[in-house]
Amino acid sequence: MAQSGKGPQEISSESELLTQTKNAGNKLLVYEFTSKDFASACDAMKGTFEELARKFSDRAEFFVLDRDKFKSKARKLKLEAYPTFVMFNGSENNVVGKVIGVKDEALKNTIEKLVI
């Protein structure tokens, strides 16, 4: 489980994600969807995502999800490019933000606005 000041949690199954999101309470949920097909782009955002996870660990939970393990979730969210960062307020039914691609500043700005 992601702890205060720690980086994002890599999630390997739907059941693990369900447990982690339930434990998050009312915190903002931030998912980074990655793909092996877009490895260099995903790697380019890794440092920024980890920095944000540490900075806002008291107000948000950060998770890394591989597209191949979460195909139905990626389809439901209509994801076509990676990395894609999706922010939820309390549950997956309430999308409050999305950033697609290698956009450090856009990701920082979006998360900062949502946690303040």
Side-chain angles (χ1 to χ4, degrees):
M1 182 166 128
Q3 298 177 359
S4 180
K6 298 289 183 183
Q9 171 84 27
E10 289 195 34
I11 303 295
S12 59
S13 69
E14 287 282 348
S15 62
E16 180 184 8
L17 182 61
L18 182 61
T19 299
Q20 295 298 335
T21 56
K22 281 184 179 180
N23 290 340
N26 291 326
K27 289 183 177 181
L28 178 71
L29 304 175
V30 185
Y31 294 2
E32 176 188 19
F33 286 88
T34 63
S35 171
K36 291 176 275 188
D37 297 335
F38 296 85
S40 61
C42 295
D43 287 345
M45 290 297 290
K46 188 174 183 175
T48 299
F49 195 61
E50 289 176 352
E51 172 190 325
L52 291 167
R54 286 189 301 273
K55 182 176 181 179
F56 296 114
S57 64
D58 61 331
R59 292 174 267 172
E61 292 291 336
F62 292 76
F63 304 106
V64 178
L65 288 75
D66 184 287
R67 172 191 70 176
D68 293 332
K69 293 180 182 175
F70 292 90
K71 288 180 183 177
S72 64
K73 199 169 294 303
R75 273 194 300 274
K76 180 181 175 186
L77 294 167
K78 299 179 175 143
L79 305 183
E80 297 178 5
Y82 300 89
T84 296
F85 303 87
V86 184
M87 286 61 81
F88 304 92
N89 189 7
S91 81
E92 290 182 5
N93 295 323
N94 191 11
V95 175
V96 293
K98 185 186 278 188
V99 175
I100 301 167
V102 181
K103 298 179 182 170
D104 295 71
E105 289 304 312
L107 182 61
K108 288 177 185 178
N109 292 337
T110 301
I111 291 174
E112 285 175 357
K113 287 177 186 175
L114 292 169
V115 297
I116 292 176

Checklist entry - Quick one: salt bridge (charged side-chain N to carboxylate O under 4.0 Å, His left out) partners of Glu14, sequence neighbours excluded? => result Lys73

Checklist entry - Can you hop from Ile100 to Phe63 via hydrophobic side chains spaced under 4.5 Å? => result no

Checklist entry - For Glu10, what residues pass the salt bridge (charged side-chain N to carboxylate O under 4.0 Å, His left out) criterion, not counting sequence neighbours? => result none

Item to check | Nearest-0.5 Å distance that lies between atom CE in Met45 and atom CD in Glu51 | outcome: 10.5 Å

Next on the checklist: I'd like to check the side-chain contact (heavy atoms from CB on, under 4.5 Å) partners of Asn26; sequence neighbours left out, ordered by chain and number.
Outcome noted: none

Next on the checklist: Closer than 3.5 angstrom, by distance alone: can the side chain of Lys6 be matched with the main-chain N or O of Ala53 as a donor-acceptor pair?
Outcome noted: no

Checklist entry - Can you hop from Phe62 to Leu18 via hydrophobic side chains spaced under 4.5 Å? => result no

Checklist outcome for this item: Residues passing the ring pair (Phe, Tyr, Trp, His ring centres under 6.0 Å) test with Phe85, sequence neighbours excluded, are Phe49

Checklist outcome for this item: Across all chains, not counting sequence neighbours, the side-chain contact (heavy atoms from CB on, under 4.5 Å) partners of Lys71 are Asp68, Arg75

Item to check | Separation of Tyr82 OH from Arg67 CZ (nearest 0.5 Å) | outcome: 5.0 Å

Checklist entry - How many angstroms lie between atom OG1 of Thr19 and atom CD1 of Ile11, to the nearest 0.5 angstrom? => result 9.0 Å

Next on the checklist: Tell me every residue that passes side-chain contact (heavy atoms from CB on, under 4.5 Å) with Ala41, counting only those two or more places apart in sequence or in another chain.
Outcome noted: Pro83, Val102

Item to check | Point-to-point distance, once rounded to the nearest 0.5 Å, from CZ of Phe33 to CG of Leu77 | outcome: 5.0 Å

Checklist entry - Among pairs that include at least one residue of residues 89-116, which meet ring-ring contact (aromatic ring centres under 6.0 Å, His included), considering only residues two or more places apart or in two chains? => result none

Checklist entry - Roughly how far, to the nearest 0.5 Å, is the SG atom of Cys42 from the CD atom of Glu32? => result 6.0 Å

Checklist entry - In chain order, what residues pass the ring pair (Phe, Tyr, Trp, His ring centres under 6.0 Å) check against Phe88, with sequence neighbours excluded? => result Tyr31

Item to check | Lys46 atom NZ, neighbour heavy-atom count above 12 within 6.0 Å | outcome: no

Checklist entry - Would you call Asp58-Lys27 a salt bridge at under 4.0 Å N-O? => result no

Next on the checklist: Restricting to side-chain hydrogen bond (donor to acceptor under 3.5 Å, both in side chains), what partner residues turn up for Thr21, sequence neighbours left out?
Outcome noted: none

Checklist entry - Would Val86 and Leu29 count as a side chain to side chain contact (heavy atoms under 4.5 Å, CB included) if you check the C-alpha gap in whole Å, the side-chain angles of each, and the deciding distance to 0.1 Å? => result CA-CA 8 Å; Val86 184; Leu29 304 175; over 6 Å; no

Next on the checklist: Please determine whether side chain to side chain contact (heavy atoms under 4.5 Å, CB included) holds for the pair Glu92 and Leu17, giving the CA-CA distance in whole Å, both sets of side-chain angles, and the decisive distance to 0.1 Å.
Outcome noted: CA-CA 11 Å; Glu92 290 182 5; Leu17 182 61; 3.6 Å; yes

Checklist outcome for this item: For Ser12, the side-chain hydrogen bond (donor to acceptor under 3.5 Å, both in side chains) test, sequence neighbours excluded, returns Glu16

Checklist entry - How about Thr84 and Lys98: do any of their side-chain heavy atoms sit closer than 4.5 Å? => result yes

Between side-chain atoms of residues 106-114 and protein atoms elsewhere (two or more places apart, or another chain), which donor-acceptor pairs fall under 3.5 Å?
from	atom 1	to	atom 2	distance (Å)
Asn109	ND2	Glu105	O	3.2
Thr110	OG1	Ala106	O	2.7
Glu112	OE2	Lys55	NZ	3.4

Next on the checklist: Would a single hydrophobic cluster contain both Val95 and Phe70, if residues Ile, Leu, Val, Met, Phe, Trp and Tyr are joined by side-chain heavy-atom contacts under 4.5 Å?
Outcome noted: yes

Checklist entry - Roughly how far, to the nearest 0.5 Å, is CG of Leu28 from CZ of Arg59? => result 10.5 Å

Item to check | Contacts of type side-chain hydrogen bond (donor to acceptor under 3.5 Å, both in side chains), residue Ser15, not counting sequence neighbours | outcome: Ser13

